[in-house]
Amino acid sequence: MYQNLIYATAKPGEQVIFNEKKVSDTLSLLQDHVGGYVDCVHFEGIDIWCHDEGMLLGLEPSLIIKNDPSPRLTQRDIMLAGPIIMTSHDDEGETVSLNLKAIDTLLQIRQITYGSGKKVLIFFNY
């Protein structure tokens, strides 16, 4: 069964891009975008899908969720590496389109420059 899926994507150093696509197999869409097996971080009603081994493979960071007001990364912060794709899920755990609240949350993500001019997306969750 096909569904119209509204989702967002981001690659290291780039901004969030909103997309809409008719899909029948969401797992293939997720894996194609991240380039391999997927892992999911659930955050504020958003499922953020990333490469399962992105950090181990040395992929560049794409998103930092700051859960601690410290200017440095702490154990409470979440860093995802490589391309990411963001969706939502229904009561049965099935992947569904982003809703308006999720889109509003994603619009709060900012891009910062760190290190030697590299860019990463950041969400301040405090």
Side-chain angles (χ1 to χ4, degrees):
M1 181 170 137
Y2 283 90
Q3 68 170 317
N4 247 9
L5 186 68
I6 298 169
Y7 60 99
T9 59
K11 295 180 180 176
E14 297 181 9
Q15 295 283 0
V16 172
I17 299 170
F18 291 93
N19 305 278
E20 183 174 4
K21 186 174 186 177
K22 188 172 278 209
V23 297
S24 63
D25 180 7
T26 54
L27 180 59
S28 291
L29 173 72
L30 301 171
Q31 289 178 330
D32 288 347
H33 183 74
V34 304
Y37 293 111
V38 292
D39 200 358
C40 186
V41 173
H42 303 286
F43 173 74
E44 301 280 326
I46 303 166
D47 294 340
I48 306 172
W49 300 90
C50 62
H51 193 293
D52 186 40
E53 296 181 334
M55 297 294 281
L56 294 172
L57 295 172
L59 299 179
E60 291 290 325
S62 52
L63 175 65
I64 297 170
I65 300 171
K66 282 293 292 166
N67 293 309
D68 189 309
S70 166
R72 299 183 187 273
L73 286 177
T74 70
Q75 291 180 346
R76 294 184 56 216
D77 301 326
I78 300 168
M79 182 166 54
L80 303 175
I84 56 175
I85 184 167
M86 295 154 279
T87 62
S88 290
H89 62 274
D90 62 18
D91 293 336
E92 296 167 1
E94 296 296 321
T95 298
V96 297
S97 291
L98 294 167
N99 60 34
L100 291 177
K101 183 178 181 217
I103 291 170
D104 185 53
T105 299
L106 292 175
L107 290 172
Q108 296 175 47
I109 292 175
R110 299 291 174 248
Q111 189 177 61
I112 62 167
T113 303
Y114 72 99
S116 59
K118 294 183 180 181
K119 295 182 183 208
V120 66
L121 297 173
I122 190 164
F123 181 83
F124 297 99
N125 188 39
Y126 53 85

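Everything quoted here is computed from the prediction, not taken from an experiment.
When every heavy atom of E60 is checked against every heavy atom of Y114, the shortest pair comes out as OE1-OH, 3.6 Å. Closest non-hydrogen pair, L80 versus C50, comes out as CD2-SG, 3.9 Å. For D68 against S70, the heavy-atom pair with the smallest separation is OD1-N, 2.8 Å.
Taking CD1 from I46 and CG from L106, the interatomic distance works out to 4.0 Å, rounded to the nearest 0.5 Å. Taking CD1 of I6 as the start and CD of E20 as the end, the distance is 4.5 Å to the nearest 0.5 Å.
Side-chain contact between T26 and E94 is absent, with no heavy-atom pair separated by less than 4.5 Å. Contact annotation: the side chain of I48 approaches that of I65 to within less than 4.5 Å [non-hydrogen atoms, C-beta and beyond]. In this structure the side chain of F18 reaches within 4.5 angstrom of the side chain of L107, judged on heavy atoms.
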Do any side-chain atoms of residues 30-45 form donor-acceptor pairs under 3.5 angstrom with protein atoms, and if so which ones, sequence neighbours left out?
residue	atom	partner	partner atom	Å
H33	NE2	I84	O	2.9
H42	ND1	D47	OD1	2.7

Identify every side-chain donor-acceptor pair in residues 119-126 under 3.5 Å, counting partners at least two apart or on other chains, and give the distances.
residue	atom	partner	partner atom	Å
N125	ND2	N67	OD1	2.7

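Chaining together hydrophobic side chains whose heavy atoms lie under 4.5 Å apart leaves L100 on its own.
Residue I85 is grouped with residue L5 when hydrophobic side chains (ILVMFWY) are merged at heavy-atom distances under 4.5 angstrom, including chains of intermediate members.
By the neighbour-count criterion of 12 heavy atoms within 6.0 Å, atom NZ of K66 is densely surrounded, having more than that number from other residues, nucleotides or ligands.
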